[in-house]
Amino acid sequence: MPELELRDRGDLTQALLDNEIWPDDLVAEAGIPVHDVPLVTVGGGIGSFVLVDYLRIAGAPTADIRVLSNIDHPWQTYEYLTRVSQIPGPERIRSDSSSRPDNIWGFPSYALSEAWRERTLRPLAHVLGEPIFADYWTPRVGDVFKSMARESARIGYPKMLVKGVARMVRRRAGGGYFTVLTPPAATGPTKRVAYRSRFVHLAVGYPGLRFLPDLQEFREKYGDFTRVVNAYESHEHVYEALRTRPGTVMVRGGGIVASRVLQRLMDDRERYGLQTKIVHIFRTFVTGAHGPHLWSRRKGGDGWAYQGFNYPKSVWGGQLKAKMRRLDGAERAAEYKRMGGTNTPKRRRWQQQMRDGRDGGWYEASQGIVERVEPAADGTLVSLVAGDAGTRKVGADYIIDCTGLEADIAEHRVLADLLAHGGAGRNPLGRLEVERHFEVKGTASGDGALYATGAATLGGYFPGVDTFLGLQIGALEIADDLARRGFGRRIGPVRSTAQWVRWAFGRPVREG
Amino acid sequence: MVPVLSGRIQTRLVLLLIVGSAVTAVVTPLVVAGYRTTFAVLAGVAVLGVGWELLYHLLMQFRWEKDWPSLFGLLTAVPEGLLLWLLLDAGLVPTVDTAPPLAAYAIHFTAVWLAVWLVANGPMRVPFLRWRFRGGRLA
Ligand SMILES: Cc1cc2nc3c(=O)[nH]c(=O)nc-3n(C[C@H](O)[C@H](O)[C@H](O)COP(=O)(O)OP(=O)(O)OC[C@H]3O[C@@H](n4cnc5c(N)ncnc54)[C@H](O)[C@@H]3O)c2cc1C
């Protein structure tokens, strides 16, 4: 059976694994088929999508770009994460009106588009009043996907997509890189294929879910995966069970996902007349405005730190962006600490619901660090909580962990390989260290360059990386750097305007 | 918007020069004023504006987000318009000996302000792709 032989052959060999820099014949000897393309982007999520969008608009043809991804649509992972963390289609997301992954100009904003589509001035009046008289206006998650689907068709994204799981990126002798891809089972003649390219971009999203240690221990020890859940995994069964039998839910965390989970619990309570009780544990309980001095005070209260977006707004273009660009090492880490941390937007509806809950005695928030979780004799869960007032026991029927997607980057295979064999290093927050133009430091290979954007690069010269707008800012820096190296053209005022007109009329981006 | 100081000043000057001049050219005959006067008013908005921007920049430092909401950009028309009118009325604006009628001034000033504000809040990003990521700096 020659096919089987080939499948056996086209795999990684010990020689490949051992060599940090691969000559062409080493790959050929392993029988791995090689595809040549000037640029590959690994991930295929929103980060890859916005880079490809800029590059196509900058004049790169579809033939020069390949997207290596395990998903069919760039918004697929984001859609999953938002749905399970309680932002379904008709709900509104966190980022603002001008953060449009389908439009590199951010004009018209989502609010303007919605006003036009629905023939109403309300979104515009809302944007005018924000953030003073109204909460930030934000788009519906369903509209974000629709607009991305339109842009995806316009730039020919599906033509560039190659399905599979990327295994590693290694430098190539003579310049550029090899990206090894494992295509879906039984779709090709060999187990692996390789892409030989001068440029590589990594946007692999979150390296993984991180579970709080005490909850992880509980799940492992008691094999109970239904009562202790993470907000980023599907946990609809908790809400369903609460509708059949009243219960107490412990919510842990003080970020936006905690806000959303609380809102879901409170909405259900209202809608179905439930008796759900909520105990909310904050590791850091914020009681009011906080910050080192008058010029840097963030609002807060009732446990929460309040901020419209995950960093102060000027991180995406103003004063704080300019400031961070100049900081390195410990100074940079300190500045991250000052303006980051867990926070959530102060939305009027959530405030009202929490007030009602406190008044009605069914919502209780306090500071605490959970030391251990155990099952009690009556079948409930008991958490041992160390707080300002000593250790206490808190009972609940369910625990929802809303603390995060903060796994170490080395848990991602491609990133781990890059750290071990690709010359990459870590930044002051422990993630991938990138330059101001998002090239991964230490990974240059001949005339080639390797870039990264997204959550894996948090801690760099630009803090807003893990957001739509941040991914666009990164992509524009990369596109400009690529133009300097002769890939695509720099988008100047004339091209920008002409391309915007094409966007406005929904005309496809031309090849070349 | 999330301006830096030099971005504020550059954006104001460029928009007044391009958008402000176009609006002034159209509005002047409609309000029956002289071009000399209306362009002197426009220059006044630009020159005094540099000082105003310093003040706004200072006030912005009290905001945690270091942002300047769109509404502020609209409402600052009131103090700026009033100050310039007082200067005109007192004969302190060079090349303008007698102030224009208040109505003519108000219409002209408002038209320029609205046009500049509208362009700064969106269309500006079309030709200047990097402008919003650089705190409003063009150079
Ligand atoms: C609940 C939630 C709400 C959010 N809300 C907002 C918001 O309102 N506004 C905002 O701006 N940002 C928001 N964010 C941040 C948002 O996730 C990012 O802006 C954006 O989705 C990140 O894009 P990305 O490309 O980095 O990652 P993703 O969109 O996750 O894409 C990365 C993709 O890479 C794929 N991949 C990983 N490894 C490999 C491999 N080895 N081979 C092939 N493919 C691989 C993954 O499957 C994934 O699909 C939110 C995040 C969460 C979790």
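All chains are named by letter (A, B, ...) in the order of the sequence lines, taking the proteins before the strands, and each is independently numbered beginning at 1. All values below come from the heavy atoms of this structure, side chains included, with hydrogens, waters and symmetry mates left out.
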Note to self: side chain to side chain contact (heavy atoms under 4.5 Å, CB included), that's the test. Do R130(B) and L476(A) meet it? Break it down for me.
What the structure shows: CA-CA 8 Å; R130(B) 296 161 192 83; L476(A) 180 55; 3.6 Å; yes
Checklist line | Heavy-atom pair count under 4.5 Å with chain A, highest-scoring of G73(B), P123(B), G7(B) | finding: P123(B)
Check: Taking A498(A), G308(A), S496(A) one by one, which has the highest count of heavy-atom pairs under 4.5 Å against chain B?
Finding: S496(A)
Margin query: Restricting to non-hydrogen atoms, name the atom on P131(A) and the atom on R63(B) that form the minimum distance, rounded to 0.1 Å.
Written below: CG-NH2, 3.7 Å
Check: Taking atom CZ of R436(A) as the centre, does the number of heavy atoms from other residues, nucleotides or ligands within less than 6.0 Å exceed 12?
Finding: yes
Checklist line | Neighbour count above 12 (heavy atom, 6.0 Å) for R507(A) CZ | finding: no
Checklist line | Under 4.5 Å from any heavy atom of chain A - which part of R134(B) | finding: backbone
Check: For the candidates L320(A), I473(A), V494(A), which exhibits the highest count of non-hydrogen atom pairs separated by less than 4.5 Å from chain B?
Finding: I473(A)
Item checked: Separation of W105(A) CH2 from R125(B) CZ (nearest 0.5 Å) -> 12.5 Å
Margin query: Report which part of L5(B) has an atom under 4.5 Å of a heavy atom belonging to chain A: side chain, backbone, both, or neither.
Written below: neither
Notebook entry, point to check: When only pairs under 4.5 Å are counted, which of E65(B), M1(B), M124(B) shares the most heavy-atom pairs with chain A?
Noted result: E65(B)
Note to self: Quick check on M60(B) against chain A: is it the side chain, the backbone, both or neither that has a heavy atom closer than 4.5 Å?
What the structure shows: side chain
Notebook entry, point to check: Under a 4.5 Å heavy-atom cut-off, does chain B meet the side chain of R338(A), its backbone, both or neither?
Noted result: both
Note to self: I need the minimum non-hydrogen distance between L71(B) and L128(A), along with the two atoms involved.
What the structure shows: CB-O, 3.3 Å
Note to self: Please give me the minimum heavy-atom distance between P69(B) and E130(A), naming the atom from each residue.
What the structure shows: CB-O, 3.8 Å
Checklist line | Heavy-atom proximity to chain B below 4.5 Å, by part of I132(A) | finding: side chain
Checklist line | Ring centres under 6.0 angstrom apart (W316(A), F133(B)) | finding: no
Notebook entry, point to check: Based on non-hydrogen pairs under 4.5 Å, which of M339(A), Q472(A), K321(A), R490(A) is most in contact with chain B?
Noted result: R490(A)
Notebook entry, point to check: Hey, does S314(A) have a side-chain heavy atom less than 4.5 Å from the side chain of D67(B)?
Noted result: no
Checklist line | When L129(B), L74(B), V126(B) are compared by non-hydrogen pairs under 4.5 Å with chain A, the top option | finding: V126(B)
Notebook entry, point to check: Between I104(A) and chain B, which part of the residue has a heavy atom less than 4.5 Å away: side chain, backbone, both or neither?
Noted result: both
Check: For R502(A), does the CZ atom have more than 12 heavy-atom neighbours from other residues, nucleotides or ligands under 6.0 Å away?
Finding: yes
Next item on the list: Below 4.5 Å from any heavy atom of chain B, which atoms of S109(A) appear? Answer side chain, backbone, both or neither.
Entry: neither
Next item on the list: Would you mind checking which part of Y136(A) comes under 4.5 Å of any heavy atom in chain B, side chain (CB onward), backbone (N, CA, C, O), both or neither?
Entry: side chain
Check: What is the minimum heavy-atom distance between G318(A) and V4(B), and which atoms define it?
Finding: C-CG1, 3.6 Å
Checklist line | Toward chain B, the part of F462(A) with a non-hydrogen atom under 4.5 Å | finding: neither
Check: Can you tell which of R297(A), Q307(A), K299(A) makes a side chain to side chain contact (heavy atoms under 4.5 Å, CB included) with W64(B)?
Finding: Q307(A)
Next item on the list: Find out whether P3(B) and Q319(A) are in side-chain contact, i.e. whether some heavy atom of one side chain is under 4.5 Å from a heavy atom of the other.
Entry: no
Item checked: Residue F133(A) versus chain B: region with a heavy atom under 4.5 Å -> side chain
Check: Where do P493(A) and F128(B) come nearest, in terms of heavy atoms and distance?
Finding: CG-CE2, 4.4 Å
